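One is the number of the first residue; the rest follow in order along the sequence. A quick note: this is a predicted structure, and the numbers were derived from the prediction, not measured.
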Amino acid sequence: MSRLVRLLGCALVVVVLAACQGKKDQEEPMMDMQQAGQRSEAFLDGTMAAIRPPVEWAYGAPMEEACSTGLNRPTGTTTVSRSRNILTVVSEQRRGELVKMVRRYWEQEGLRDFDVDADREMPRIRATTADGFVVILQVGSIGNVFVRVGTGCVKDSEMTYPTGTPGYPGGPKKVDLTPREHSAFWSSSQSQRQQ
């Protein structure tokens, strides 16, 4: 895993942690870890399905981080994030189109607070769902594209993971980040003509 990708993953955790730590008289979370994981997976499934033509993808490594008070006392809550790594090679010429397509889907799903970095080589888009999940699509330093969904502190609970999740039964030992599948559309160096 590249240093940049690790940093971006940590940045998302910092974003969601900021929403849940150090606050007094917080409301009791309505969701537990299992529900947050399922909500994240469903959103990621929808995002992947919205990409046309379809791309090949793999599950990313899930992340959980225990929440604490300003005095580092446990709160019985944890942040949860899940991700997808796109294994299809997305050419530099097609990256902006991918970001726009995903943004359209997110807007249809009611996301808000969009923050877009239209950098040609490493574009990024970030938004928030109505129920407080932070969603990021990012192009990494090796041209890899990933989508991560995370939430602030939710109630501690047991967790299950989809088959294929790295580090869990039925999944690979390592996270697969390197794009290697070629697509006549997404891997093309020709930008789509304006209609």
Sub-3.5 Å donor-acceptor pair from the side chain of [X] to the main-chain atoms of [Y], do we have one?
{"X": "Arg126", "Y": "Val134", "answer": "no"}
{"X": "Ser91", "Y": "Ser188", "answer": "yes"}
{"X": "Arg95", "Y": "Glu121", "answer": "yes"}
{"X": "Thr129", "Y": "Phe133", "answer": "yes"}
{"X": "Trp186", "Y": "Pro53", "answer": "yes"}

Provide the closest heavy-atom pair for [X] versus [Y] in the form atom of the first, atom of the second, distance.
{"X": "Ile51", "Y": "Ile86", "value": "CD1-CD1, 4.0 Å"}
{"X": "Cys153", "Y": "Thr77", "value": "CB-OG1, 3.4 Å"}
{"X": "Val175", "Y": "Ala61", "value": "CG2-CB, 3.5 Å"}
{"X": "Met159", "Y": "Val80", "value": "CE-CG1, 4.1 Å"}
{"X": "Thr178", "Y": "Leu87", "value": "O-CD2, 4.0 Å"}
{"X": "Thr88", "Y": "Ser187", "value": "CG2-OG, 4.4 Å"}

Same cluster for [X] and [Y] if Ile/Leu/Val/Met/Phe/Trp/Tyr side chains link at under 4.5 Å?
{"X": "Leu137", "Y": "Val116", "answer": "yes"}
{"X": "Val89", "Y": "Val99", "answer": "no"}
{"X": "Leu98", "Y": "Val147", "answer": "yes"}
{"X": "Tyr105", "Y": "Val139", "answer": "yes"}

For this session: Just do the side chain to side chain contact (heavy atoms under 4.5 Å, CB included) check on Asn85 and Asn144 with the steps written out, would you?
Result: CA-CA 7 Å; Asn85 299 319; Asn144 57 306; 5.7 Å; no
For this session: Measure the shortest side-chain to side-chain distance between Arg120 and Gln93 over non-hydrogen atoms and say whether it is less than 4.5 angstrom.
Result: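 Answer yes - side chains close enough.
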Exercise. Do the charged groups of Glu97 and Arg94 touch, with an N to O distance under 4.0 Å?
Worked result: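 A salt bridge links Glu97 with Arg94.
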Problem set entry | Interatomic distance, Phe146 atom CZ to Leu177 atom CG [nearest 0.5 angstrom] |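 The distance works out to 8.0 Å.
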Exercise. What distance separates Cys67 SG from Glu65 CD, expressed to the nearest 0.5 Å?
Worked result: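 Here the interatomic distance stands at 8.0 Å.
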Exercise. Does Asp115 have any side chain to side chain donor-acceptor pair (under 3.5 Å) partners at least two apart in sequence or in another chain, and if so, which?
Worked result: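 Counting only residues at least two positions away or on another chain, Asp115 forms a side chain to side chain donor-acceptor pair (under 3.5 Å) with Arg124.
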Show me the donor-acceptor pairs, under 3.5 Å and distance only, between side chains in residues 160-168 and residues at least two apart or in other chains.
| from | atom 1 | to | atom 2 | distance (Å) |
| --- | --- | --- | --- | --- |
| Thr160 | OG1 | Gln34 | OE1 | 3.2 |
| Thr160 | OG1 | Gln34 | NE2 | 2.7 |
| Tyr161 | OH | Glu64 | OE1 | 3.3 |
| Tyr161 | OH | Glu64 | OE2 | 3.2 |
| Thr165 | OG1 | Pro162 | O | 2.7 |

For this session: Run the numbers on Val135 and Phe43 for side chain to side chain contact (heavy atoms under 4.5 Å, CB included), then give the verdict.
Result: CA-CA 9 Å; Val135 187; Phe43 189 84; 3.6 Å; yes
For this session: Only pairs at least two apart or in different chains count here, so list each salt bridge (charged side-chain N to carboxylate O under 4.0 Å, His left out) that has a residue in residues 35-50.
Result: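 Qualifying pairs, neighbours excluded: Arg39-Asp131, Glu41-Arg82, Glu41-Arg84, Asp45-Arg84.
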Problem set entry | salt bridge (charged side-chain N to carboxylate O under 4.0 Å, His left out): pairs with one or both residues in residues 151-169, sequence neighbours excluded |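 Every candidate salt bridge (charged side-chain N to carboxylate O under 4.0 Å, His left out) pair involving residues 151-169 fails, so no pair, neighbours aside, qualifies.
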For this session: Go through Met33 and Ser157 one step at a time and tell me if the side chain to side chain contact (heavy atoms under 4.5 Å, CB included) criterion holds.
Result: CA-CA 5 Å; Met33 290 170 65; Ser157 71; 3.4 Å; yes
Exercise. Between the side chains of Ser81 and Arg148, does any donor sit under 3.5 Å from an acceptor?
Worked result: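 Their side chains do contain a donor-acceptor pair, which is all the 3.5 Å distance test asks for.
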Problem set entry | All salt bridge (charged side-chain N to carboxylate O under 4.0 Å, His left out) counterparts of Glu107, not counting sequence neighbours |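 Scan of Glu107 (salt bridge (charged side-chain N to carboxylate O under 4.0 Å, His left out), adjacent residues dropped) gives Arg103.
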Problem set entry | Pairs involving residues 46-58, ordered by first then second residue, that meet side-chain hydrogen bond (donor to acceptor under 3.5 Å, both in side chains) (sequence neighbours left out) |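 As it turns out, the side-chain hydrogen bond (donor to acceptor under 3.5 Å, both in side chains) pairs with a partner in residues 46-58, which skip direct neighbours, are Thr47-Trp106.
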